[in-house]
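Notes follow the structure.
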Amino acid sequence: LPHNKYSVLVYARNSLGISLPSEMSGIFSTAEEVPSAPPVNVNATENERIGELIVNWEFPPCTQRNGIIVNYTLTYVVLTTGSSTTITTTTNVTSVTLTDLPVLQDYKIQVAASTSVGTGPFSDFITASTSIASVPNEPRN
């Protein structure tokens with residue numbers, strides 16, 4: 001398996017039976033690979049502020065991370081226009097707030113995890129919507 005530590009014992013075998021084990025080898029590690037599964041439990045909720053969605057997810061399953069998760073890539077598509085935007089986090093945070101989104105729109109959102117080797121598969125798309133029933137954003141100069 002990728003990104004695991006191992007040590008080895010060796011046995012000899014012949015028609016008379018199995019020997020005692022050899023001495024334990026030193027510990028060796030296998031290299032990281034890209035995650036083999038996407039993040040799980042991806043969800044999005046509308047924030048209190050107009051035009052904001054909070055997207056949350058959890059790490060890919062432990063046995064399918066294949067290394068240390070260093071960041072995530074999130075892609076969202078505005079369904080009415082088809083325009084898409086991609087965001088890559090700079091750390092392994094599991095939440096992003098999408099801001100300055102047009103209101104009264106539906107969005108398709110998906111997330112992928114990355115190790116130092118590369119990016120794994122994207123999650124299935126989820127859908128979320130922005131409305132105008134929100135607390136207004138603070139005034140800006």
Side-chain angles (χ1 to χ4, degrees), residues 1-15 17-141:
L1 293 175
H3 191 65
N4 277 285
K5 293 182 180 181
Y6 296 92
S7 58
V8 177
L9 293 173
V10 178
Y11 295 84
R13 180 184 194 141
N14 65 18
S15 61
I18 300 174
S19 72
L20 293 173
S22 66
E23 290 186 24
M24 178 115 24
S25 70
I27 296 174
F28 65 94
S29 299
T30 54
E32 283 189 286
E33 293 181 6
V34 299
S36 54
V40 296
N41 298 324
V42 180
N43 66 77
T45 56
E46 189 169 21
N47 199 359
E48 293 178 353
R49 296 177 181 263
I50 292 174
E52 292 187 1
L53 292 172
I54 301 169
V55 183
N56 298 290
W57 59 88
E58 295 174 13
F59 284 91
C62 207
T63 58
Q64 296 175 301
R65 293 179 193 165
N66 300 338
I68 297 168
I69 303 299
V70 294
N71 64 36
Y72 290 92
T73 302
L74 180 142
T75 298
Y76 65 92
V77 178
V78 183
L79 290 180
T80 55
T81 65
S83 68
S84 88
T85 302
T86 299
I87 298 168
T88 300
T89 65
T90 56
T91 63
N92 64 356
V93 298
T94 56
S95 180
V96 168
T97 301
L98 305 177
T99 60
D100 300 319
L101 300 172
V103 296
L104 300 175
Q105 297 291 321
D106 295 321
Y107 296 87
K108 289 191 328 184
I109 302 165
Q110 63 182 164
V111 183
S114 299
T115 63
S116 62
V117 179
T119 302
F122 275 89
S123 64
D124 291 336
F125 277 107
I126 62 160
T127 56
S129 302
T130 54
S131 68
I132 56 173
S134 300
V135 174
N137 295 332
E138 70 277 356
R140 296 182 184 172
N141 292 337

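Residue indices begin at 1 and follow the sequence shown.
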| message | Under a 3.5 Å distance rule, please check whether Asp106 uses its side chain to pair with a backbone N or O of Ser129 as donor and acceptor. | response | no
| query | Does Thr30 reach the main-chain N or O of Leu1 with its side chain, forming a donor-acceptor pair under 3.5 Å? | reply | yes
Which residues pass the side chain to side chain donor-acceptor pair (under 3.5 Å) test with [X], sequence neighbours left out?
X: Thr99; result: none
X: Asn43; result: none
X: Ser95; result: Asn56
X: Thr90; result: none

For residues 112-125, run the donor-acceptor check on the side chains, cut-off 3.5 Å, and write out each pair with its distance to 0.1 Å, sequence neighbours left out.
| from | atom 1 | to | atom 2 | distance (Å) |
| --- | --- | --- | --- | --- |
| Ser114 | OG | Asn71 | OD1 | 3.3 |
| Ser114 | OG | Thr119 | OG1 | 2.7 |
| Thr115 | OG1 | Glu33 | O | 2.9 |
| Thr115 | OG1 | Val117 | N | 3.2 |
| Ser116 | OG | Glu32 | OE1 | 2.7 |
| Ser123 | OG | Val111 | N | 3.0 |
| Ser123 | OG | Val111 | O | 3.4 |

Sequence-distant partners of [X], side-chain contact (heavy atoms from CB on, under 4.5 Å), two or more places apart:
X: Ile27; value: Lys5, Ser7
X: Ala44; value: Val55, Ile109, Ile126, Ala128
X: Thr63; value: none
X: Val78; value: Thr80, Thr81, Ser83, Gln105, Tyr107

| note | Rounding to 0.5 Å, atoms CG (Asn47) and CD1 (Ile54) come to a distance of 3.5 Å
| message | For residues 37-60, which residue pairs pass the ring-ring contact (aromatic ring centres under 6.0 Å, His included) check, not counting sequence neighbours? | response | Trp57-Tyr72
| request: Flag the pair Leu98 / Val96 as yes when at least one side-chain heavy-atom distance between them is below 4.5 Å, and no otherwise. | output: yes
| Can you name the ring pair (Phe, Tyr, Trp, His ring centres under 6.0 Å) partners of Phe28, sequence neighbours left out? | Tyr6
| side-chain contact (heavy atoms from CB on, under 4.5 Å) between His3 and Asn66: does it pass, once the steps are laid out? | CA-CA 6 Å; His3 191 65; Asn66 300 338; 5.7 Å; no
